[in-house]
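Chain naming here is simple, since letters A, B, ... match the order of the sequence lines and numbering starts at 1 in each. Here the structure is a predicted model, which is why all the values come from computation and not from measurement.
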There are 2 protein chains.
Amino acid sequence: MIRSISSKRQVEPAASSGVDIERQLHEAQDTFIRRWGEMGATWGINRTMAEIHALLYITAQPLCTDDVMARLHISRGNASMSLRALCDWGIIHRMHRRGQRREYFESLSDVWEIFSIIASERKRREMDPVLETIKQCQRMLGEGQIGQSAAQRSDVLATRRRLEGMEEFMVVTNKIFQQFVGGAKAGLNKVVRLLLKAF
Amino acid sequence: MIRSISSKRQVEPAASSGVDIERQLHEAQDTFIRRWGEMGATWGINRTMAEIHALLYITAQPLCTDDVMARLHISRGNASMSLRALCDWGIIHRMHRRGQRREYFESLSDVWEIFSIIASERKRREMDPVLETIKQCQRMLGEGQIGQSAAQRSDVLATRRRLEGMEEFMVVTNKIFQQFVGGAKAGLNKVVRLLLKAF
DNA sequence: CCATAGTTTCAGTATCTACTGAAACTATAG
DNA sequence: CTATAGTTTCAGTAGATACTGAAACTATGG
């Protein structure tokens with residue numbers, strides 16, 4: 001019996017059925033989706049949102065809310081809200097099919113664009129507040145440091161220098177970042193072109 | 001009464017006491033530490049570790065475990081383990097003071113170096129596995145796609161194209177990244193110099 | 001070998017975030 | 001207006017992570 005199965009495989013190497021192919025495609029997609037979700041989770045994007053996006057990206061087809069629910073085993077509320085959030089970010093789009101009331105969603109196809117959107121959002125929400133805090137700290141240390149002991153003076157100076165170091169780093173990083181992001185929207189960007197030329 | 005207070009301030013503008021200065025420094029440092037901890041949390045570095053590092057960075061002084069515990073109100077176990085983890089990462093160092101058995105810790109002072117260490121670690125833990133998964137998916141779709149319907153063939157091809165798009169993006173991003181990181185260790189790096197020249 | 005400083009482990013707990021399932025609400029076609 | 005598709009809200013809960021406090025363990029100086 002075992003032999004007959006394996007011999008069958010040998011006889012019909014190219015005859016994998018349509019069902020097999022579909023299952024294989026499905027499995028490959030799920031592998032990608034799962035990994036993408038895990039990565040998203042450690043990047044401050046919640047797992048489900050990352051998975052929905054991965055699904056739309058990898059299938060390269062418009063799917064409706066029920067498709068997403070079924071494929072990822074999530075509730076209607078979750079699917080609906082997550083899809084809306086992804087639309088708000090602009091990394092997926094709503095799509096109508098004429099003659100159908102039902103709405104479909106599809107992912108942007110350009111990875112550079114997707115990442116530039118995500119990255120800009122993260123910069124705004126995470127880098128900018130830190131820069132603001134650094135400035136605030138600098139203001140707090142800018143006033144009234146006359147008359148203290150030498151030791152205190154040097155402590156204040158040391159902290160100020162550290163704040164400056166951090167500020168400089170973030171400002172420069174932001175500049176690089178904006179080049180990367182701004183350029184990405186116009187296809188292969190300036191930074192990339194420069195780098196590929198240079199190395 | 002109110003007037004007398006304000007006039008006193010005018011008369012002695014430079015006479016803020018040593019205690020005031022210390023409190024002010026302390027507050028500014030805490031502000032930074034808190035914000036840094038929040039940022040770390042959304043970046044996959046846990047809040048306490050980020051705070052410990054922020055403390056050592058911003059005070060610019062070697063502190064011992066008990067200092068850290070007291071300043072951040074955390075338990076001995078937590079402090080000890082987090083300090084060890086930071087040492088393992090290499091963004092803080094142990095330091096001995098002669099004649100004392102007690103160990104002190106101090107932060108690297110170069111922000112570029114700190115970030116290149118953190119970033120490399122994140123790349124290794126998060127980007128690399130994704131690249132690996134993409135390759136795995138490609139292998140899964142590389143075999144046995146003969147004999148299926150035209151629709152199935154096109155689905156498989158579409159998914160393959162998406163995998164390729166993602167792979168290309170990650171490979172290029174990794175290259176940029178390594179330049180950034182590798183160069184950072186040698187002070188202002190190649191990427192930065194290129195960019196500052198170009199823009 | 002003892003005393004002490006320091007480190008690691010761990011069970012229990014607190015905290016946080018995301019998710020479900022249901023209900024309420026809104027929009028549209030007929 | 002009614003039926004239906006679709007969206008939003010929310011209370012309760014599940015699951016994950018990180019933290020504490022204590023105990024066990026390790027290393028070192030004397």
Side-chain angles (χ1 to χ4, degrees), chain A residues 33-56 62-89 92-106 121-122 125-126, chain B residues 33-34 36-56 62-89 92-106 122 125-126:
Chain A
I33 291 167
R34 221 173 300 123
R35 174 67 79 187
W36 201 251
E38 284 164 20
M39 189 177 99
T42 70
W43 272 81
I45 297 147
N46 85 47
R47 213 190 66 253
T48 301
M49 263 177 73
E51 284 189 353
I52 292 177
H53 178 254
L55 172 61
L56 293 172
L63 302 177
C64 66
T65 306
D66 295 83
D67 292 335
V68 172
M69 288 168 58
R71 185 73 182 265
L72 302 180
H73 307 103
I74 58 174
S75 70
R76 165 158 267 102
N78 196 6
S80 177
M81 298 305 285
S82 297
L83 283 165
R84 153 174 289 284
L86 289 167
C87 286
D88 288 347
W89 280 31
I92 68 172
H93 287 317
R94 283 164 198 278
M95 212 207 69
H96 289 278
R97 283 185 166 162
R98 57 182 188 134
Q100 271 198 269
R101 195 164 153 193
R102 170 162 276 168
E103 279 186 323
Y104 288 79
F105 300 88
E106 60 183 352
E121 183 61 18
R122 288 184 66 80
R125 288 198 315 211
E126 286 142 34
Chain B
I33 291 166
R34 223 172 299 125
W36 201 249
E38 285 164 19
M39 189 177 98
T42 70
W43 272 81
I45 296 146
N46 86 47
R47 212 189 68 251
T48 302
M49 263 177 72
E51 284 189 352
I52 293 176
H53 177 255
L55 172 62
L56 293 172
L63 302 177
C64 66
T65 305
D66 295 82
D67 293 334
V68 172
M69 288 168 57
R71 184 74 181 264
L72 303 180
H73 306 102
I74 57 174
S75 70
R76 165 158 267 104
N78 195 5
S80 177
M81 298 304 285
S82 298
L83 283 165
R84 155 173 287 284
L86 288 167
C87 287
D88 288 347
W89 279 31
I92 69 172
H93 287 316
R94 282 164 199 279
M95 213 207 70
H96 290 277
R97 284 189 164 157
R98 58 184 188 132
Q100 272 198 269
R101 196 166 154 191
R102 168 163 280 168
E103 279 185 324
Y104 289 79
F105 300 88
E106 60 183 350
R122 289 184 65 80
R125 287 196 316 211
E126 286 143 34

Would you name the heavy atoms of R47(B) and G37(B) that are closest together and state the gap between them?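 The answer is CG-O, 3.4 Å.
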Carboxylate-amine/guanidinium proximity below 4.0 Å for E38(B) and R34(B): no
Rounded interatomic separation in angstrom, taking [atom1] from [X] and [atom2] from [N]:
| X | N | atom1 | atom2 | value |
| --- | --- | --- | --- | --- |
| N78(B) | dT13(C) | CG | C1' | 14 Å |
| R47(A) | dT17(C) | CZ | C1' | 11 Å |
| E38(B) | dT17(C) | CD | P | 11 Å |
| I45(A) | dT17(C) | CD1 | C1' | 15 Å |
| I52(A) | dA18(C) | CD1 | C1' | 12 Å |
| L83(B) | dG6(C) | CG | P | 12 Å |
| R101(B) | dT26(D) | CZ | C1' | 10 Å |
| R102(B) | dT28(D) | CZ | P | 17 Å |

Find out whether L55(B) and F105(B) are in side-chain contact, i.e. whether some heavy atom of one side chain is under 4.5 Å from a heavy atom of the other.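 No; the side chains remain at least 4.5 Å from each other.
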State, yes or no, whether a side-chain contact exists between T42(B) and E126(A) at a heavy-atom distance under 4.5 Å. yes
Could you say whether M49(B) or E103(A) is positioned toward the 5' end of DNA chain D, judged by the nucleotide with the nearest heavy atom to each? E103(A)
Starting at the 5' end of DNA chain D and moving along, which residue's nearest nucleotide shows up first, N46(B) or R94(A)? R94(A)
Distance to the ring centre below 6.0 angstrom and angle to the axis at most 45 degrees; does that hold for R122(A) and W43(B)?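 Yes, R122(A) lies over the aromatic ring of W43(B).
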Does R97(A) count as lying over the ring of Y104(A), i.e. NZ or CZ under 6.0 Å from the six-ring centre, within 45 degrees of the axis? yes
Interatomic distance, CE@M69(A) vs OG@S82(A), rounded to 0.5 Å, equals 12.0 Å
Expected list for residues 68-77 of chain A near DNA chain C, using heavy atoms below 4.0 Å, is H73(A), I74(A), S75(A)
Between R84(A) and dT7(D), is there a contact of a side-chain N or O with OP1 or OP2 at under 4.0 Å?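 No, no such contact exists.
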